[in-house]
Amino acid sequence: MMWLRATCELHFEIALPTPFILMLRPRSGAHQWIAREAYRLEPMVPVVEFTDVYGNLCQRLIAPVGPFSIYTSEEVVTADQLDEAPGAPFVDVQNLPDSVLSFLLPSRYCEADRFGDMALEITQGCLLGYDQVKAIEDWLRANIRYEPGTSTVPISAIEVNQRGYGVCRDLAHLGLALCRALSIPARMVVGYLYQLEPMDLHAWFEAFVGGRWYTFDATQASARAGYIAIGYGRDAADVAVYTQFGPAVLPVFQSVSVERC
């Protein structure tokens with residue numbers, strides 16, 4: 001097992017009272033155990049926590065005028081090796097769990113209905129299921145350049161494919177669209193990755209084959225451990241670590257770290 005400590009610090013300057021929805025608390029699950037966590041706001045304000053439709057822990061609050069900061073840290077137990085399953089079979093749609101059906105559909109940034117021919121071409125000759133997703137991951141790694149810092153707003157899978165480069169979120173969007181075009185459920189994940197360069201919050205995707213979810217990340221040269229998931233959703237619209245309402249507010253300072261405990 002691998003013990004990791006992840007921290008995230010966000011500082012804002014608030015011009016008028018601003019409603020926020022935060023998604024900064026990871027949950028224990030099949031691939032991680034949250035052994036300890038801390039969550040601090042400065043100044044402290046009333047917070048209401050709820051679970052969204054994807055099972056993510058979210059916090060609602062109103063940030064007051066002036067400096068406003070968010071500090072989070074977690075100590076997490078994760079596997080020391082990423083699960084891989086060559087040959088894991090495709091699951092017929094009629095046999096999928098109800099909970100994964102929404103991850104078959106096109107979404108705001110993943111126009112799966114536009115990628116059928118391309119997905120079939122990329123995966124030609126592959127066994128149905130895991131091997132198809134692996135072929136998509138390999139194709140993304142070879143054809144879409146991972147360039148951190150080149151995009152500040154989400155763009156769609158079609159735009160990513162046309163542009164030929166993007167940030168982690170962009171590569172995930174194209175991977176999601178290609179998987180769903182083959183009737184393979186695929187969901188976006190946002191969180192942390194140990195030894196990510198440059199260090200920041202990270203995005204990747206998971207595909208449901210062989211009766212469970214598996215991790216895929218075309219931004220990395222090969223499969224490796226060290227992922228901590230914070231949120232799951234159909235695409236970037238569902239997994240923003242913070243969403244604010246009203247005039248745009250961007251962090252004046254942001255710091256992310258992931259270390260071995």
Side-chain angles (χ1 to χ4, degrees), residues 29-32 54 78-79 81-107 109-146 156-158 160-161 164 166-191 193 202-227 229 231-236 238-239:
H31 306 297
Q32 63 188 30
Y54 302 107
T78 68
Q81 187 172 353
L82 196 67
D83 285 347
E84 298 180 273
F90 173 85
V91 180
D92 292 329
V93 172
Q94 63 268 30
N95 296 326
L96 288 168
D98 295 344
S99 60
V100 310
L101 291 177
S102 65
F103 299 110
L104 287 171
L105 303 176
S107 58
Y109 296 112
C110 301
E111 309 97 330
D113 52 331
R114 305 286 294 278
F115 283 94
D117 291 343
M118 182 175 169
L120 288 172
E121 181 180 346
I122 290 171
T123 61
Q124 185 175 11
C126 294
L127 290 173
L128 301 187
Y130 186 97
D131 292 15
Q132 290 178 300
V133 186
K134 180 60 178 171
I136 289 169
E137 181 189 49
D138 291 342
W139 183 91
L140 289 168
R141 191 176 287 120
N143 292 276
I144 307 296
R145 298 192 313 278
Y146 172 47
S156 76
I158 288 176
V160 176
N161 189 45
V167 299
C168 55
R169 173 188 61 228
D170 303 328
L171 273 70
H173 280 159
L174 185 49
L176 291 164
L178 289 165
C179 287
R180 294 177 194 167
L182 298 171
S183 296
I184 296 174
R187 64 185 183 183
M188 189 166 186
V189 192
V190 66
L193 175 57
H202 191 49
W204 60 96
F205 72 94
E206 293 182 350
F208 190 88
V209 291
R212 54 160 288 191
W213 293 102
Y214 288 92
T215 294
F216 296 89
D217 186 355
T219 72
Q220 302 303 298
S222 60
R224 62 188 184 88
Y227 290 87
Y232 301 91
R234 294 165 302 177
D235 57 30
D238 295 328
V239 293

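Please read these numbers as outputs of a predicted model, since none were measured by experiment.
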K.L.:
If every non-hydrogen atom of Ala88 is compared with every non-hydrogen atom of Gly210, which pair is closest and at what distance?
P.N.:
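Shortest heavy-atom separation between Ala88 and Gly210 comes out as CB-CA, 4.2 Å.
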K.L.:
Supply the atom-to-atom distance Asp170 CG to Thr219 OG1, rounded to the nearest 0.5 angstrom.
P.N.:
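OG1 of Thr219 is found 11.5 Å from CG of Asp170.
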K.L.:
Can Leu182 and Phe115 be said to form a side chain to side chain contact (heavy atoms under 4.5 Å, CB included), step by step?
P.N.:
CA-CA 9 Å; Leu182 298 171; Phe115 283 94; over 6 Å; no
K.L.:
Rounded to the nearest 0.5 Å, what's the gap from CD on Glu111 to CG on Asp113? Could you check?
P.N.:
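CG of Asp113 is found 7.5 Å from CD of Glu111.
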K.L.:
Counting only heavy atoms from other residues, nucleotides and ligands, does the tally under 6.0 Å from CZ of Arg114 exceed 12?
P.N.:
no
K.L.:
Hey, what do you get for CG (Asn161) to NE2 (His173), rounding to the nearest 0.5 Å?
P.N.:
14.0 Å
K.L.:
Using salt bridge (Lys or Arg N to Asp or Glu O under 4.0 Å) as the criterion, list what pairs up with Arg169, not counting sequence neighbours.
P.N.:
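For Arg169, no residue satisfies salt bridge (Lys or Arg N to Asp or Glu O under 4.0 Å) once neighbours in sequence are set aside.
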K.L.:
Among Trp204, Tyr227, Tyr130, which residue meets the ring-ring contact (aromatic ring centres under 6.0 Å, His included) test with Phe216?
P.N.:
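Testing each of Trp204, Tyr227, Tyr130 against Phe216, the sole residue satisfying ring-ring contact (aromatic ring centres under 6.0 Å, His included) is Tyr130.
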K.L.:
Which residue is it: Val133, Leu82, Val209? I am looking for the one with a side chain to side chain contact (heavy atoms under 4.5 Å, CB included) to Tyr214.
P.N.:
Val209
K.L.:
How long is the span from the CZ atom in Arg141 to the CG atom in Leu171, to the nearest 0.5 Å?
P.N.:
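The CZ atom of Arg141 sits 9.5 Å away from the CG atom of Leu171.
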K.L.:
Provide the closest heavy-atom pair for Ala203 versus Asp217 in the form atom of the first, atom of the second, distance.
P.N.:
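Smallest interatomic distance, heavy atoms only, reads O-OD1, 4.4 Å.
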K.L.:
Taking the ring centre of each residue, are Phe103 and Trp213 less than 6.0 Å apart?
P.N.:
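Between Trp213 and Phe103, which both carry aromatic rings, the centre distance is below 6.0 Å.
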K.L.:
Checking side chain to side chain contact (heavy atoms under 4.5 Å, CB included) for the pair Val239/Val189: CA distance, chi angles, key distance, verdict?
P.N.:
CA-CA 7 Å; Val239 293; Val189 192; over 6 Å; no
K.L.:
Quick one: closest heavy-atom pair of Asp131 and Cys126, and the distance?
P.N.:
O-SG, 3.9 Å
K.L.:
Write down the atom of Ala119, the atom of Ala181, and the distance for their closest heavy-atom approach.
P.N.:
CB-CB, 4.0 Å
K.L.:
Atom CH2 in Trp139, atom CG in Leu174: separation rounded to 0.5 Å?
P.N.:
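With rounding to 0.5 Å, CH2 (Trp139) is 5.5 Å from CG (Leu174).
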K.L.:
Which heavy atom of Leu140 sits nearest a heavy atom of Ala218, and at what distance?
P.N.:
CB-CB, 3.6 Å
K.L.:
Find the distance between CG (Leu193) and OG1 (Thr215) and round it off to the nearest 0.5 Å.
P.N.:
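Between Leu193 CG and Thr215 OG1, I get 10.5 Å after rounding to 0.5 Å.
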K.L.:
Name all residues meeting the salt bridge (Lys or Arg N to Asp or Glu O under 4.0 Å) criterion together with Arg234; count only those two or more places apart in sequence or in a different chain, and write none if there are none.
P.N.:
Asp238
K.L.:
How far apart are the C-alpha atoms of Leu104 and Leu96, what are their side-chain angles, what is the distance that settles it, and do they pass the side chain to side chain contact (heavy atoms under 4.5 Å, CB included) test?
P.N.:
CA-CA 10 Å; Leu104 287 171; Leu96 288 168; 3.7 Å; yes
K.L.:
Spell out, as yes or no, whether a donor-acceptor pair under 3.5 Å connects the side chain of Asn95 to the backbone of Val91.
P.N.:
no
K.L.:
Surrounding CG of Asp117 (heavy atoms of other residues, nucleotides or ligands, distance under 6.0 Å), is the total greater than 12?
P.N.:
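No, not enclosed.
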K.L.:
For residues Tyr109 and Met188, determine if any side-chain heavy atom of one lies less than 4.5 Å from a side-chain heavy atom of the other.
P.N.:
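A side-chain contact under 4.5 Å is absent here.
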K.L.:
Using the rule given for side chain to side chain contact (heavy atoms under 4.5 Å, CB included), can you reason through Arg180 versus Ser107, listing the C-alpha separation, both sets of side-chain angles and the distance that settles it, and then say yes or no?
P.N.:
CA-CA 10 Å; Arg180 294 177 194 167; Ser107 58; 3.0 Å; yes
K.L.:
Where is the tightest heavy-atom contact between Phe90 and Asp92, given as atom of each residue plus distance?
P.N.:
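It is CE2-OD1, 3.5 Å.
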K.L.:
side-chain hydrogen bond (donor to acceptor under 3.5 Å, both in side chains) with Asp83: which residues, sequence neighbours excluded?
P.N.:
Arg212
